[in-house]
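The next block holds one structure in the form of structure tokens; read it before the comments.
Here the structure is a predicted model, which is why all the values come from computation and not from measurement.
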Amino acid sequence: MAKAIEKTELTEVSEAQIAVHWKEEEYYQPSEKFKAQANMRDPHVFEKFGLDKFPDCFREYADMLTWFEPYHTVLDTSDAPFWKWFVGGKINASYNCVDRHLTKYGDKAAFIFVPEPEAEPDVIIKYQELHTRVNEVAALLRGLGLKAGDRVTFHMPMVPELPITMLACARLGIIHSQVFGGFSGQACGSRIHDSGSRVLITMDSYWRNGTLVDHKANADIAVRTAKDLGQDVDKVLVWQRYPGKYSAKTPMVPGRDFFVNDLLKEYKGKKVEPVALPSEGPLFLMYSSGTTGKPKGAQHSIAGYLAYVTGTSKWILDIHPEDVYWCMADIGWITGHSYIVYGPLAIAATSVLYEGVPTYPDAGRPWRIAERLGVTIFHTAPTAVRMLRKLGPQEPRKYKYHFKSMTTVGEPIEPEAWRWYYDEVGKREAVITDTWWMTETGGFLGTTMPAIHPMKPGSCGPAAPGIHPVIYDETGAEVPKGSGKAGNICIRNPWPGIMQTIWGDRDRYVKTYFAKYNTNPRSKDWRDWPFMCGDGAVQAADGYYRILGRIDDVINVAGHRLGTKEIESACLTVPEIAEAAVVPVQDELKGRVPEVYVAVKPGVKASQDIVDRVIKANEEVIGKIARPKHVYIVPDMPKTRSGKIMRRVLAAISNRRDVGDVTTLANPDVVEQIRTMVQGKETVTTQEALPEDIAKFGQVE
Ligand code: WTA
């Protein structure tokens, strides 16, 4: 496929075809016991979901849902690449996740909430109770005048009130936009502004690492930030971590702030009919980072999204109604939306919802929970695996839980960490699915089908049914499997879970994900619109993909996407800073962490105080997860003769690599000064090749 080079949002990489060498790992086979019970055992499923059967094959996922009115068109491409799935249908996500289970599973737990303090009892929410609570909150939201199409921002921690409020919105067609609870008030405020929300829903406090955090304070900052940007928030609804008691110090603002528990008194026992909404109505927004400083709101649809996460929860997570499923992610990220809330609930799962930190009070906590609650399916990120391994390599052996299957998501997992997960956590009984996907894709892309494919540590596997990946090089030529070459991984075809657009920015949607490999912008044929995922990847001869990481100046910190530009602009809020450049550094536990280089304005003296304020600025503008590992105040940035900062050189220094030839720079001498500052006088570089996401980092300059 030829390409029209357009200035896309993504890095124009001159050498995507960097040869990638790594040891081929051996296969691990799923056990016969697992295979015998799996929801999807038919190897022909991949033929049934072949490209020649596209898009009708996805009817099978739509059939897993209950429709108020049937759809007439599986895929409408008339506004390509803004795909419309299951057009003509009327449906409600809240109905599908709650009401339709009541007859058979009303008495079964939907959620088992585990508070972080170990002495606090679990809270079990059965489907019947979930129904009651979702209805009451929906009645309240309707009572406030909210209706289908309105946006409401949440800034909620990991508590049952979060999915309850999401489902209450979904019942009415209100578009929810949950901002990760660990993000700062400012980050929440800018997302309120972008989405045009007039209501913010939050909680007074929550437990994290043994501390009851005053979370309400963030709401005040969020509202102020949104107002400064031009968006008024009329109401802040505050859930109470301990109902009936206010657990934050920050005062409530009269006329603006209301306790949800107080308001709910008026709606006790109220029922709200789930609204029959069009398939392609938006269900929620999920903000994520990209190349620019402005986070993008990935807009997901009701029917397509729900069908996709339902189908993949059933076949790939292999959840059965009798399982106890625990996804130890935060609902504030896409993983939690798709695989704690919507997918599992649509198939009547029982889910564990854990409030706190996996290693609190010690590295045995997850395994105690698993043993006590009889968890059978466990889902987490490589960062948690690395952390639990480091702090308690033998801990899983002390507990008598048995997982049948486990998932990893969010970052590449090193084969060594994978094997500990398999041997120790899974006790060599559980299958592992390494699921590769992203906020934009709604659900899994690259994965094995657990009862069908063998596992291979470090590779996500082939792809989910109906997902047809392709790796393109910079010229748009296909990179063949087994070539050992890396390129940009794309998906040839749309699928129901794909985002609909970037909220309020159609152009950015087309530019970011399609412009690079689309040859005919007027085409209405989906074949002309491969979706560019934003990752580098390599495909082995056996068809398994190995994901190499982001190619768009996004740093994946412990599985969380942080935009370089967002961090740099946070640094620039410190008045003394003239220039800032951030680079990713390899980290044993978190995968990548940001390191910051700043140059101060003329006449300003470098000081620890400035360093501290740069760190604080990142925590305030983004959140604690954006805290840089180091802040270096440098005499000048290494620059090209045209004045562009060479982040690549800084990345090499931070990662203890050779900086290469810098003689063509405008100021080559500064490179050695910076190198000494960071690495010390002795050369401590390693010859080991940099991981591809770091090697390519900042090449846009
Ligand atoms: C990375 C999280 C390797 C990838 C669901 C992607 C992975 C980004 C994997 C999306 C995996 C996710 N193996 N890398 N199994 N899963 N990634 O939007 O770089 O928070 O582009 O969605 O995480 O992060 P996001």
Are [X] and [Y] close enough that their ring centers fall under 6.0 Å?
| X | Y | result |
| --- | --- | --- |
| His453 | Phe46 | yes |
| His468 | Phe54 | no |
| Phe183 | Trp333 | yes |
| Phe49 | Trp495 | no |
| Tyr401 | Trp326 | no |
| Tyr360 | Tyr354 | no |
| His155 | His215 | yes |

Problem - side chain to side chain donor-acceptor pair (under 3.5 Å) evaluation trace for Thr312 with Tyr339 - result: CA-CA 9 Å; Thr312 49; Tyr339 297 117; 2.7 Å; yes
Counting C-beta onward and ignoring hydrogens, is there a side-chain heavy-atom pair between [X] and [Y] closer than 4.5 Å?
| X | Y | answer |
| --- | --- | --- |
| Pro115 | Trp207 | no |
| Phe403 | Val425 | yes |
| Gln586 | Arg592 | yes |

Handout entry: Residue that, paired with Arg241, satisfies salt bridge (charged side-chain N to carboxylate O under 4.0 Å, His left out) out of Glu161, Glu116, Glu355
Key = Glu355
Exercise for the section: Using a strict cut-off of less than 4.0 Å between a Lys/Arg side-chain nitrogen and an Asp/Glu carboxylate oxygen, indicate whether Glu429 and Lys404 qualify as a salt bridge. Expected result: no
Fill in the blank from the handout: Checking Ile302, Val341, Ile334 against Phe284 for side-chain contact (heavy atoms from CB on, under 4.5 Å), the one that qualifies is Ile334
Handout entry: Asp535, Thr408, Thr447 screened by side chain to side chain donor-acceptor pair (under 3.5 Å) with Trp436, the one that passes
Key =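 The passing option is Asp535.
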Problem - Separation between OG1 of Thr380 and CG of Leu388, rounded to the nearest 0.5 Å - result: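 Thr380 atom OG1 to Leu388 atom CG measures 7.0 Å (nearest 0.5 Å).
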Handout entry: Aromatic ring pairing Phe444/Trp437, orientation class (parallel under 30°, perpendicular over 60°, tilted between)
Key =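 If you compare the ring of Phe444 with that of Trp437, the planes turn out perpendicular.
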